Student: 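This structure is in C-alpha cells; I'll ask about it shortly.
Numbering of residues begins at 1 and proceeds along the displayed sequence. As the structure is a computational prediction, the values presented were derived from the model and not from experiment.
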Amino acid sequence: MRRGPTIDDVAELAGVSRGTVSRVLNGGHYVSAASLEAVRQAMADTGYTVNQSARSLVTKRSNAIGFVLSEPQERLFEDPNFSVLLRSCTQALADQDVSLVLMLESSDADRDRILRYVRGGHVDGVLLISSHFGDPLIAELAEGGVPAVACGKPLAPGDVLPYVAADDREGARQMTRYLVEQGHRRIGMISAPQIAGGQERLQGYQDVLGRKALKRLVVSATDYSQEAGRQAMAKLLKASPDLDAVFAASDLLASGALVELRRAGRRVPEEVAVGGFDDSRIARESDPPLTTIRQPLELVAREMVEVLLRRIDGTDDGPRILPTELVVRASG
C-alpha cells in the first residue's frame, strides 16, 4: 500500500528541518514567517495531515469533545432543540479543529459505558445536555475531574458543574405576564421539574400569579414528550375545566396540549390560550402556531463550547445566563 506523506516529506519540500515542521504543528512558536509559510505550503502540496493518535501521546489531548444527551435515542429526533444544539456545538468545535462525539445516556448501562469512555481519555471534556433530576452522571463527572459544562442549571445539589442557560425564570415570567395582560384569569401550567430549567420555569409562573397559582392549576408532565403534554392537559381539564389559558414548560409539551384541547373540543385561542417555551420548529409548525418564549439555543451552544474549552485549559468560569424573548403567534 502507498504510504501517506510524512513530516520528513514536508521538511524536505519546505527546505527546513524536521524540528521546524514539528514547531509549526505545535503552534508555530519560534518559527520565522518565511519558514512558517514554506511549511504550510509544503503541507498543502503533499496533502500531509496530522496523525492525531501520535500527537495525543505527546499532548495528552484527544482533540475530541463528548456531547452527552441524557435522553432515549428517539428523543433526539422528536425534539428539535437537541438537533439545534448538536449542530451548533459541532460547528463551534469545528471552528477550533476539534471533533464531537455523540453519546446517548438512557440507561445505567449507557452511563457506565460513557464513564468508561470518558475516563479512558477518549475525549478532553463533556458537553452535558438535558440532564435529569437524580442522574448520578453529573456528580461522577465532577468527582472524576472530567472537564464538563451543562446545558441548563444542573439538577444536582451544589455548584458541581459550570453551566450555560437561557434565563428560564424570567422567560416564564414574560409568558405568564403576557397571558395575564391578555385578560386570562385561570392560567394553568404544564411543568417539567425533572428537566434542566424546568423548576425555574415553574417558579417564574408562580412569581407572577402568586396565590392565584393554585395547585389544581399545575400538572407535572411525566416525561419530556408530546404524549406527556397531551396527558397533562387532560388532567388539567379534568381538575380545572374552567381554565382559559395554559403555559407549557416546552414547545413539545405545548404541542401535546394542543392535541388534547382539540380532542376535547376546546378552541385555541378563543376558549383556551396556549403558550410554550423554546421557540423551536414545533412552535412554528403547530396548528395554530405557538406563542412561546425564544431561548437563543445557537448562542447557548457556542457559549458552552467556549466555557468547556477554557475549562480544559484550566480556566474556571461561572454560569452564563442568556436573555429570552416573547414571541407572539396565533395560539394566545
Side-chain angles (χ1 to χ4, degrees), residues 22-29 31 36 40 43 49-70 76 81-105 114-131 135 137-156 158-167 196-197 295-323:
S22 180
R23 286 193 293 276
V24 171
L25 295 176
N26 287 286
H29 304 294
V31 178
L36 183 62
R40 288 175 174 170
M43 290 174 64
T49 57
V50 176
N51 184 319
Q52 188 57 47
S53 296
R55 170 174 278 191
S56 296
L57 293 174
V58 177
T59 64
K60 308 301 182 185
R61 296 279 181 88
S62 68
N63 212 39
I65 295 297
F67 183 98
V68 178
L69 177 61
S70 299
L76 174 62
N81 287 340
F82 298 144
S83 61
V84 171
L85 288 168
L86 178 60
R87 183 185 70 247
S88 300
C89 285
T90 300
Q91 183 58 59
L93 287 169
D95 291 344
Q96 303 297 321
D97 199 24
V98 177
S99 299
L100 181 143
V101 180
L102 171 62
M103 293 176 278
L104 301 177
E105 183 213 5
I114 289 169
L115 286 170
R116 288 196 304 271
Y117 189 84
V118 170
R119 289 169 176 168
H122 300 291
V123 294
D124 298 322
V126 169
L127 298 165
L128 189 59
I129 311 297
S130 190
S131 59
D135 186 350
L137 181 63
I138 298 173
E140 292 181 17
L141 286 173
E143 291 170 4
V146 177
V149 176
C151 180
K153 187 176 181 180
L155 296 171
D159 298 324
V160 293
L161 289 181
Y163 64 91
V164 178
D167 193 340
Q295 56 171 330
L297 286 178
E298 293 183 356
L299 181 57
V300 168
R302 292 197 298 272
E303 295 273 326
M304 287 179 66
V305 167
E306 180 181 327
V307 171
L308 181 58
L309 294 180
R310 284 170 56 83
R311 190 167 175 82
I312 290 169
D313 288 335
T315 301
D316 285 333
D317 287 345
R320 298 189 184 184
I321 310 298
L322 306 177

Student: How about Leu93 and Ser99: do any of their side-chain heavy atoms sit closer than 4.5 Å?
Tutor: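 With C-beta onward as the side chain, the pair stays apart.
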Student: Work out which heavy atom in Leu102 is nearest to a heavy atom in Leu100; give both atom names and the distance.
Tutor: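 Of all heavy-atom pairs spanning Leu102 and Leu100, the closest is N-CD2, 3.9 Å.
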Student: Passes side chain to side chain contact (heavy atoms under 4.5 Å, CB included), Asp317 versus Arg310? Steps please.
Tutor: CA-CA 8 Å; Asp317 287 345; Arg310 284 170 56 83; 2.8 Å; yes
Student: Could you check whether any side-chain heavy atom of Val101 comes within less than 4.5 Å of a side-chain heavy atom of Met103, counting everything from C-beta outward?
Tutor: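 Yes. Closest side-chain heavy atoms under 4.5 Å.
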Student: With Leu297, which residues qualify under side-chain contact (heavy atoms from CB on, under 4.5 Å), at least two apart?
Tutor: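 Per chain and number, Leu297 pairs via side-chain contact (heavy atoms from CB on, under 4.5 Å) with Asn81, Val84, Leu85, Gln295.
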Student: Do Leu127 and Val68 have side chains that get closer than 4.5 Å, going by heavy atoms?
Tutor: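 They are not in contact (no side-chain heavy atoms under 4.5 Å apart), so the answer is no.
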Student: Got Glu105 and Leu137 here, is their nearest side-chain heavy-atom distance under 4.5 Å?
Tutor: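 Answer yes - side chains close enough.
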Student: Going through the checks in order, is the side chain to side chain contact (heavy atoms under 4.5 Å, CB included) test met by Leu128 and Ser70?
Tutor: CA-CA 8 Å; Leu128 189 59; Ser70 299; 4.2 Å; yes
Student: How close do Ile138 and Leu161 get, heavy atom to heavy atom, and via which atoms?
Tutor: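 Heavy-atom minimum between the residues: CG2-CD1, 3.8 Å.
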Student: Decide if atom CZ of Arg87 counts as having more than 12 heavy atoms of other residues, nucleotides or ligands within a radius under 6.0 Å.
Tutor: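 Buried by this count: over 12 neighbours within 6.0 Å.
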Student: Show your working on salt bridge (charged side-chain N to carboxylate O under 4.0 Å, His left out) between Asp316 and Arg311 and close with a plain yes or no.
Tutor: CA-CA 5 Å; Asp316 285 333; Arg311 190 167 175 82; 2.8 Å; yes
Student: Looking only at the side chains, is there a donor atom on one of Glu298 and Ser88 sitting less than 3.5 Å from an acceptor on the other?
Tutor: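 On atom types as modelled, these side chains do not qualify, holding no pair under 3.5 Å.
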Student: Counting C-beta onward and ignoring hydrogens, is there a side-chain heavy-atom pair between Leu322 and Val164 closer than 4.5 Å?
Tutor: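 The answer is yes; the side chains approach within 4.5 Å.
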Student: Return the set of residues passing salt bridge (charged side-chain N to carboxylate O under 4.0 Å, His left out) with Asp95 (not counting sequence neighbours), or none when no residue passes.
Tutor: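 Expected list: none.
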Student: Which side-chain N or O atoms in residues 301-309 pair as donor and acceptor under 3.5 Å with protein atoms at least two apart or in another chain?
Tutor:
unit_1: Glu303; atom_1: OE1; unit_2: Arg320; atom_2: NH1; d: 2.6
unit_1: Glu306; atom_1: OE2; unit_2: Arg320; atom_2: NH1; d: 3.3
unit_1: Glu306; atom_1: OE2; unit_2: Arg320; atom_2: NH2; d: 3.3

Student: For a quick test of reading the model, state the closest non-hydrogen atom pair linking Pro147 to Ile312 and the distance between them.
Tutor: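 Minimum heavy-atom contact is CB-CG1, 3.8 Å.
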Student: Could you tell me the separation between the CD1 atom of Ile114 and the CD atom of Glu140, rounded to the nearest 0.5 Å?
Tutor: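 Ile114 CD1 to Glu140 CD: 11.0 Å, rounded to 0.5 Å.
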Student: Give me the atom names and distance for the closest heavy-atom approach of Gly152 to Ala165.
Tutor: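 Looking at all heavy atoms of both residues, the closest pair is CA-CB, 3.6 Å.
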Student: Please give me the minimum heavy-atom distance between Phe82 and Phe67, naming the atom from each residue.
Tutor: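 Taking every non-hydrogen atom into account, O-CZ, 4.3 Å.
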Student: Quick one: do Leu115 and Leu141 satisfy side chain to side chain contact (heavy atoms under 4.5 Å, CB included)? Show the steps, please.
Tutor: CA-CA 8 Å; Leu115 286 170; Leu141 286 173; 4.1 Å; yes
